[in-house]
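Read the structure below first, then the notes.
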Amino acid sequence: MSVSPRPEVMISTEDIQARVAELAREIRRDYPDGLHIIAVLKGAFIFMSDLVRQIEGNVSLDFMALSSYAKGTTSSGEVRVMKDLDTTLDGKDVLIVEDIVDTGLTLTYLQEILRARGPRVLRTACLLSKPSRRKIDVAVEYVGFTIEDRFVIGYGLDYAEQYRNLPYIGVLDA
Ligand code: IMP
């Protein structure tokens, strides 16, 4: 895996911003009353912060940290909760905000544990989806971009904790 200071662009900042604005409008339309967003740390922190600034009206936020990949580019299939939510989900209209669905193992696990906490609505928004890598069929109601099987970094996504600060989605395995 090459480590480059300026990885090749897969999705530009402008294209991300335009798509995030569209997703925000769709989400607000589908959540006319309450909207409680759960962002999955660390990867979703930039997507979440751009998304919420495009959503008009009331939104509340909480964060959860999961560990699925110890370090590197392949899924271990093991998921652990590193940081849990601060508030209950009982009766709330909840939207999970994730960076990327790859095998689907992490999201399936997360949806299961959150559904058990009694939200009225539970849907998921992912900036990126790699459907060709799916090991388990998981519901994602809002997908920013469907991408091929490449390892991507930037806009919150990392490789060994680097590249999260890139303002675009780049490709590392170029
Ligand atoms: P899954 O459980 O295989 O769906 O993996 C989901 C998690 O793996 C994501 O939330 C990311 O943290 C990480 N991940 C999967 N693919 C990539 C990638 O291409 N770049 C960076 N992280 C990735």
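For ligands, and for the atoms within them, numbers begin at 1 and follow the listed sequence.
- Close contacts between ligand 1 and T103 involve ligand atoms 1 (P), 2 (O), 3 (O), 4 (O) [criterion: under 4.0 Å to a heavy atom].
- A cation-pi arrangement is not found for R80 relative to Y109, the charged atom failing to lie both closer than 6.0 Å to the ring centre and inside a 45° cone about the ring normal.
- Ion pair R19/E22 flagged as a salt bridge, since at least one NZ, NE, NH1 or NH2 atom sits closer than 4.0 Å to an Asp/Glu carboxylate oxygen.
- Contact atoms of ligand 1 toward T106: 1 (P), 2 (O), 5 (O), 6 (C) (distance under 4.0 Å to a heavy atom of the residue).
- The pair K42-E161 counts as a salt bridge, with a side-chain nitrogen and a carboxylate oxygen less than 4.0 angstrom apart.
- Between L157 and ligand 1, a contact under 3.5 Å exists for no N or O pair.
- Under a 4.0 angstrom heavy-atom cut-off, I153 registers as lying outside contact with ligand 1.
- Per-residue contacts place R150 under 4.0 angstrom from the following atoms of ligand 1 (heavy atoms of the residue considered): 19 (O).
- Within the structure, the closest approach of L107 to ligand 1 does not fall below 4.0 Å when heavy atoms are considered.
- At least one heavy atom of K130 sits less than 4.0 Å from an atom of ligand 1.
- Using a 4.5 Å heavy-atom cutoff, the side chains of L23 and L51 are in contact.
- For G43, the heavy-atom gap to ligand 1 stays at 4.0 angstrom or more.
- Salt-bridge check for D50 with R53: passed, with a basic side-chain N closer than 4.0 Å to an acidic carboxylate O.
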Derivation of the side chain to side chain contact (heavy atoms under 4.5 Å, CB included) call for I46 and R164: CA-CA 9 Å; I46 294 182; R164 293 193 197 275; 5.6 Å; no

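- Atoms of ligand 1 found under 4.0 Å from any heavy atom of E98 (numbered from 1 in listed order, with element): 10 (O).
- Of all atoms in ligand 1, numbered sequentially from 1 with element shown, those under 4.0 Å from a heavy atom of D99 are 9 (C), 10 (O), 11 (C), 12 (O).
- A distance of 8.0 Å separates OG1 in T103 from CZ in R134, rounded to the nearest 0.5 Å.
- Ring geometry for F151 versus Y159: interplanar angle over 60°, hence perpendicular rather than tilted (30 to 60°).
- Distances shorter than 4.0 angstrom occur between a heavy atom of D158 and an atom of ligand 1.
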